[in-house]
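Contents: one structure, followed by commentary.
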Number of protein chains: 2
Amino acid sequence: MRPRSATLTEQELEIMKIVWDREPATVRDVFEILLERRKQESRSLAYTTVMTMMKILEQKEYLRKDESDRAFVYRPTQPKGTVIGAMVREFVNRVFNGSAEPLLVHLVEEHNLSKDDLDEIARIRGKQ
Amino acid sequence: MRPRSATLTEQELEIMKIVWDREPATVRDVFEILLERRKQESRSLAYTTVMTMMKILEQKEYLRKDESDRAFVYRPTQPKGTVIGAMVREFVNRVFNGSAEPLLVHLVEEHNLSKDDLDEIARIRGKQ
DNA sequence: CGCCTAGTACTAATTTTTTAGTATGAGGCG
DNA sequence: CGCCTCATACTAAAAAATTAGTACTAGGCG
């Protein structure tokens, strides 16, 4: 039996990022942004596809919908940081067996993070 | 049209990690390790499932198979660091729109990376 | 008022990913 | 030699993830 994804799937995340950005957002809001992006890469998208995805996100309790004037408006139930944090944790677990250091090394070596960036983070971190 | 995953899927990665570890590995090698893990969580696994996955990995050219005494032996075509690096990049793109810093912040704030760890990384990084 | 638009609910198809069954063959061994 | 084990090739089913169609409704507006 194939298990369900433990975190947001790719398309679910795509939608959640938009809703976190707008807070709240309607299906049409999300649809238009996504459609625009799809056009860039010559892919299409149906309005009802976004609707279905947002309903799924509501069922999974990532979104909550409120009656509004015309269309439903959706809001995230959890802050972005919380959900993304869980995704980072899942990634670290899955790819690096739970250890964050090797990921850090990848970031430093392959993502142009300078010593200054690290110092900056360390400084912020140190403050608390 | 749903696109294919741009990186290793979950099960593909699980297998690749084992093969990188053994180098080379047979289907049976991988099967036994995975079966053991599955047992822990009361899940089952068929030998042929692993075979199919490894054939897919061969088709995708992540693995190469060599004739051997009894069973085929499989070797990775690319070093672990390269492939995992690509996965990190894909993750950063997908989740953080390509910017590594916010991921770094998550790591520092939620994965018990101390200032010392950062210093250590910065030192290694600085050396080159 | 009747029509068009925007929205929703419901249903379902498609593709990917994961899983496994069946048939077949090679080789050791009693 | 005949059987049993292990491996492979081939086929395909099941589940998840993604995509979309159809029917229906409310509301604006000509």
Side-chain angles (χ1 to χ4, degrees), chain A residues 1-19 24-35 37-39 41-60 62-74 87 90 94, chain B residues 1-19 24-35 37-39 41-60 62-74 87 90 94:
Chain A
M1 201 193 352
R2 179 183 175 188
R4 279 232 160 71
S5 169
T7 57
L8 289 174
T9 64
E10 180 162 348
Q11 296 311 310
E12 287 172 350
L13 174 62
E14 212 57 24
I15 290 174
M16 286 303 297
K17 289 202 288 188
I18 293 170
V19 181
T26 63
V27 171
R28 181 146 300 270
D29 292 337
V30 175
F31 169 67
E32 268 163 13
I33 293 169
L34 251 30
L35 184 63
R37 287 186 199 160
R38 293 273 181 117
K39 275 188 192 160
E41 26 183 337
S42 314
R43 301 217 298 143
S44 59
L45 180 65
Y47 180 89
T48 50
T49 298
V50 180
M51 252 205 46
T52 306
M53 290 297 295
M54 289 177 79
K55 180 180 318 190
I56 289 170
L57 284 165
E58 196 203 347
Q59 282 163 0
K60 293 189 177 179
Y62 284 105
L63 290 180
R64 181 169 56 83
K65 89 178 162 193
D66 289 308
E67 202 81 50
S68 173
D69 198 31
R70 280 187 62 69
F72 288 127
V73 297
Y74 290 81
M87 290 194 70
E90 187 275 340
R94 178 164 49 87
Chain B
M1 203 192 352
R2 179 182 174 189
R4 280 235 161 72
S5 169
T7 58
L8 289 174
T9 63
E10 180 162 348
Q11 296 311 309
E12 286 172 350
L13 174 62
E14 211 58 24
I15 289 175
M16 286 303 297
K17 289 201 290 187
I18 293 170
V19 180
T26 64
V27 172
R28 181 146 301 270
D29 292 336
V30 174
F31 169 67
E32 268 162 11
I33 293 169
L34 287 180
L35 184 63
R37 288 186 198 161
R38 292 274 181 116
K39 274 188 192 159
E41 23 182 338
S42 313
R43 302 217 298 143
S44 60
L45 180 65
Y47 179 89
T48 50
T49 298
V50 180
M51 253 205 44
T52 306
M53 290 296 296
M54 289 176 79
K55 179 178 320 188
I56 289 169
L57 283 165
E58 197 203 348
Q59 283 163 359
K60 294 189 178 180
Y62 284 105
L63 291 180
R64 180 171 56 83
K65 88 179 164 193
D66 289 307
E67 202 79 52
S68 173
D69 199 31
R70 279 184 65 66
F72 288 126
V73 295
Y74 290 82
M87 291 194 70
E90 188 274 340
R94 179 164 48 86

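So you know, we letter chains A, B, ... as the sequences are listed, proteins then strands, and number each from 1.
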Dump the pairs, protein N or O against N or O of nucleotides 19-23 of chain D, anything under 3.5 Å, distances to one decimal.
unit_1: D/dT19; atom_1: OP1; unit_2: A/Arg38; atom_2: NH2; d: 3.1
unit_1: D/dT19; atom_1: OP2; unit_2: A/Arg38; atom_2: NH2; d: 3.2
unit_1: D/dA20; atom_1: OP1; unit_2: A/Ser44; atom_2: OG; d: 3.4
unit_1: D/dA20; atom_1: OP2; unit_2: A/Ala46; atom_2: N; d: 2.9
unit_1: D/dA20; atom_1: OP2; unit_2: A/Thr49; atom_2: OG1; d: 3.3
unit_1: D/dA20; atom_1: N6; unit_2: A/Thr52; atom_2: OG1; d: 2.5
unit_1: D/dG21; atom_1: N7; unit_2: A/Thr48; atom_2: OG1; d: 3.2

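Residues A/Val19 and A/Tyr74 approach most closely at CG1-O, 3.8 Å, considering heavy atoms.
Going from atom NZ of A/Lys55 over to atom P of C/dG7 covers 15 Å, rounded to whole Å. One interatomic measurement links the two molecules: CZ of A/Arg70 to C1' of C/dC4, which rounds to 12 Å at whole-angstrom precision. In this structure, B/Glu14 atom CD and C/dT19 atom C1' are separated by 15 Å, rounded to whole Å. Counting to the nearest Å, the C1' atom of D/dA16 and the CG atom of A/Leu57 are 15 Å from each other. Between A/Asp69 atom CG and C/dG7 atom P the separation is 11 Å, expressed in whole Å. Atoms CZ (A/Arg4) and P (C/dT17) sit 17 Å apart, rounded to a whole Å.
Using a 4.0 Å cut-off, some side-chain N or O of B/Thr9 falls inside it from OP1 or OP2 of C/dT18.
Separation of atoms CZ (B/Arg43) and CZ (B/Arg37) is listed at 12.0 Å; rounding is to 0.5 Å.
By the 4.5 Å heavy-atom criterion applied to side chains, A/Thr7 and A/Glu12 are not counted as neighbours.
Two end axes, each from the C1' atoms of five base pairs, can be drawn for the helix from C/dC1-D/dG30 to C/dG30-D/dC1; they diverge by 20°, to 10 degrees.
Residue-level contact check: A/Phe72 touches the backbone only, with heavy atoms under 4.0 Å from sugar-phosphate atoms and none from bases.
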Task: side-chain contact (heavy atoms from CB on, under 4.5 Å) between A/Phe72 and A/Val27, intermediate numbers included - done: CA-CA 8 Å; A/Phe72 288 127; A/Val27 171; over 6 Å; no
